[in-house]
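Quick notes on the structure that follows.
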Amino acid sequence: GFSSAAKWYVEGVSKRSGIEVNLHIPREMKRLPDALELVLFRILQECLTNIHRHANCKSALVQIDLGADEIALQIRDDGQGMPPELLERFKTSGAGIGVGLNSMRERISELNGHFEIQSGKNGTLVRAAIPLAAAF
């Protein structure tokens, strides 16, 4: 399931990159529908790949919040952040930032979810929230 795969992936990224990646998953998290677990894992992969390639950071935090109606995945790093003009162009047109972030946004949109990126000189936060009803 997603929990096991996320733990395995985060450990591997930490070892390979030297970035301290902490993972917080609720203890009560059970298996989710395959489509939802796949989307969450692909977002995790893309974000950690971007952090490794671009963030120039020492640490990152991956957090899963499981509510009654939605599941949220937040990934935060303490890196250099994204250039503001690049982030604004992505938010307005989806252009100029590469295939990965657009793919994440599309996957989340297909499940009626919400996707946001916040970035500044103290790091970047990617948050994906997906209604649980959309996954069942």
Side-chain angles (χ1 to χ4, degrees):
F2 175 74
S3 294
S4 297
K7 289 174 189 171
W8 167 80
Y9 191 75
V10 164
E11 287 175 13
V13 167
S14 288
K15 287 178 185 173
R16 288 188 304 275
S17 68
I19 299 169
E20 179 185 342
V21 183
N22 292 299
L23 175 65
H24 296 276
I25 296 179
R27 290 182 194 265
E28 71 277 1
M29 186 153 158
K30 295 182 168 93
R31 289 293 310 261
L32 300 166
D34 290 347
L36 181 54
E37 288 192 335
L38 180 61
V39 167
L40 292 171
F41 188 74
R42 293 293 183 219
I43 293 167
L44 175 68
Q45 280 183 308
E46 184 64 32
C47 286
L48 291 180
T49 297
N50 287 344
I51 287 170
H52 177 63
R53 287 183 183 162
H54 307 294
N56 193 26
C57 69
K58 294 182 178 161
S59 66
L61 172 65
V62 177
Q63 183 168 334
I64 302 289
D65 294 312
L66 184 60
D69 298 330
E70 75 174 15
I71 186 165
L73 170 61
Q74 291 190 138
I75 302 169
R76 179 186 305 268
D77 68 62
D78 64 357
Q80 64 192 4
M82 298 168 63
E85 63 279 359
L86 192 65
L87 183 58
E88 187 58 33
R89 194 170 38 216
F90 172 71
K91 287 181 178 181
T92 57
S93 68
I97 208 158
V99 175
L101 289 175
N102 277 320
S103 175
M104 280 191 271
R105 184 164 54 183
E106 287 173 14
R107 287 175 187 256
I108 294 162
S109 178
E110 288 172 1
L111 293 174
N112 298 316
H114 176 73
F115 180 68
E116 70 177 287
I117 301 174
Q118 298 172 6
S119 190
K121 60 186 173 193
N122 295 320
T124 300
L125 168 70
V126 174
R127 184 173 191 277
I130 301 170
L132 290 173
F136 290 98

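Computed from a prediction, not measured in an experiment: that's the story for all the values here.
Between Ile43 and Met104, the shortest heavy-atom contact is CG2-SD, 3.6 Å. When all heavy atoms are compared, the tightest approach of Ile19 to Ala60 is CG2-N, 4.2 Å. The minimum heavy-atom distance linking Gly113 with Pro131 is given by the pair CA-CD, 3.8 Å. A pairwise comparison of heavy atoms in Leu132 and Gly67 identifies CD1-O, 3.5 Å as the closest pair. Of all heavy-atom pairs spanning Ile108 and Phe115, the tightest one is CD1-CD1, 3.4 Å. The nearest pair of heavy atoms linking Arg31 to Glu37 is NH2-OE1, 2.8 Å.
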Leu48 vs Val21, side chain to side chain contact (heavy atoms under 4.5 Å, CB included): CA-CA, chis, key distance, verdict: CA-CA 9 Å; Leu48 291 180; Val21 183; 4.2 Å; yes
Derivation of the salt bridge (charged side-chain N to carboxylate O under 4.0 Å, His left out) call for Lys58 and Glu20: CA-CA 6 Å; Lys58 294 182 178 161; Glu20 179 185 342; over 6 Å; no
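Looking at heavy atoms from C-beta onward, Arg42 lies in side-chain contact with Gln45 at the 4.5 angstrom threshold. Residues Lys7 and Leu23 are in side-chain contact: their nearest non-hydrogen atoms beyond the backbone lie under 4.5 Å apart. With a 4.5 Å cut-off on side-chain heavy atoms, Ile64 and Met29 count as touching. Residues Arg107 and Leu111 form no side-chain contact, since every pair of their non-hydrogen atoms from C-beta on lies 4.5 Å or further apart. In this structure, Ile75 and Leu73 have side chains that are in contact, with non-hydrogen atoms separated by less than 4.5 Å.
The backbone N or O of His54 sits less than 3.5 Å from a side-chain atom of Gln80, completing a donor-acceptor pair. Without hydrogens or angle criteria, Ser17 side chain to His52 main chain gives no donor-acceptor distance under 3.5 Å.
By the rule that hydrophobic residues join a cluster once side-chain heavy atoms approach within less than 4.5 Å of another member, Val126 and Leu66 end up as members of one cluster. Put simply, Val62 and Ile25 are part of the same group of oily side chains (I, L, V, M, F, W, Y) that touch within less than 4.5 Å, one to the next.
Rounding to the nearest 0.5 Å places CG of Asp78 at 10.5 Å from CG of Leu61. Between the CD1 atom of Ile51 and the CG atom of Asn56 there is a distance of 12.5 Å, given to the nearest 0.5 Å. Here OG1 of Thr124 is found 6.5 Å from CE of Met82. Values are rounded to the nearest 0.5 Å. Rounding to the nearest 0.5 Å places CG of Asp65 at 7.0 Å from CZ of Arg127. Taken from CG in Leu101 to SG in Cys47, the straight-line distance is 7.0 Å, to the nearest 0.5 Å. Once rounded to the nearest 0.5 Å, the distance linking CG of Leu40 with CD1 of Ile71 reads 5.0 Å.
Ring planes of Phe41 and Trp8: parallel class, angle under 30° (limits at 30 and 60°).
In this structure, Arg105 satisfies the cation-pi test against Phe90, with its NZ or CZ atom closer than 6.0 Å to the six-membered ring centre and inside 45 degrees of the ring normal.
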